[in-house]
S.K.: 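Got a structure for you, written out below as structure tokens; questions coming shortly.
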Amino acid sequence: MRSLTDDQPADVRARIIELDHRSASHLAVHMLDAATLAHGLSDSPAGLLAWLLERWNAWSDNGGDVESVFTKDDLFTQPRSTG
């Protein structure tokens with residue numbers, strides 16, 4: 001989460017709060033039910049793809065079209081995190 005300061009413009013503060021609210025459920029599932037999520041995503045390539053695409057779409061400035069920012073090659077060939 002980002003720190004809010006009194007000297008930030010109101011529109012910047014509102015955007016930070018909005019982004020924090022959008023990521024709250026993502027963080028909660030990782031903290032509260034990480035094992036279930038990990039087993040489900042590691043056992044289902046389609047589930048993992050859906051999970052990743054949802055995040056790439058939500059976290060990129062794409063105007064509702066993730067392929068305007070990333071190519072299919074980008075989306076399908078990103079190396080998996082090992083840590």
Side-chain angles (χ1 to χ4, degrees):
M1 304 269 175
R2 294 155 204 81
S3 297
L4 294 175
T5 62
D6 292 335
D7 63 336
Q8 291 170 319
D11 61 325
V12 172
R13 292 173 60 85
R15 181 69 175 142
I16 289 171
I17 292 169
E18 175 191 345
L19 291 172
D20 285 348
H21 287 168
R22 287 176 58 190
S23 65
S25 62
H26 175 80
L27 296 174
V29 75
H30 281 278
M31 291 187 307
L32 300 174
D33 208 9
T36 301
L37 180 64
H39 291 299
L41 296 180
S42 66
D43 192 41
S44 172
L48 178 59
L49 177 62
W51 177 261
L52 293 172
L53 286 176
E54 182 179 339
R55 267 113 201 102
W56 282 47
N57 187 53
W59 295 341
S60 64
D61 187 15
N62 62 45
D65 179 14
V66 73
E67 288 185 65
S68 69
V69 179
F70 305 106
T71 67
K72 280 187 175 75
D73 284 341
D74 291 333
L75 296 170
F76 295 134
T77 61
Q78 290 299 311
R80 289 180 43 194
S81 173
T82 57

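Note that the numbering runs from 1 along the sequence shown for the chain.
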S.K.: So, taking the atom named OG in Ser60 and the one named CG in Leu75, what distance separates them when rounded to the nearest 0.5 Å?
M.R.: 8.5 Å
S.K.: Under a 3.5 Å distance rule, please check whether Asp20 uses its side chain to pair with a backbone N or O of Ile17 as donor and acceptor.
M.R.: no
S.K.: Which pair of non-hydrogen atoms, one from Gln8 and one from Ile16, has the smallest distance, and what is that distance?
M.R.: NE2-CD1, 3.8 Å
S.K.: Can a side-chain donor-acceptor contact be found between Asp7 and Thr5 if the only test is distance below 3.5 angstrom?
M.R.: yes
S.K.: Which heavy atom in Asp65 sits nearest to a heavy atom in Ser68, and how many Å separate them?
M.R.: O-OG, 2.6 Å
S.K.: Side chains of Asp61 and Val69, heavy atoms from C-beta outward: is any pair under 4.5 Å?
M.R.: no
S.K.: CZ/Phe76 to CG/Leu53 distance, rounded to the nearest 0.5 angstrom?
M.R.: 6.0 Å
S.K.: Just verifying a value: how many Å separate Asn57 CG and Leu52 CG, rounded to the nearest 0.5 Å?
M.R.: 12.5 Å
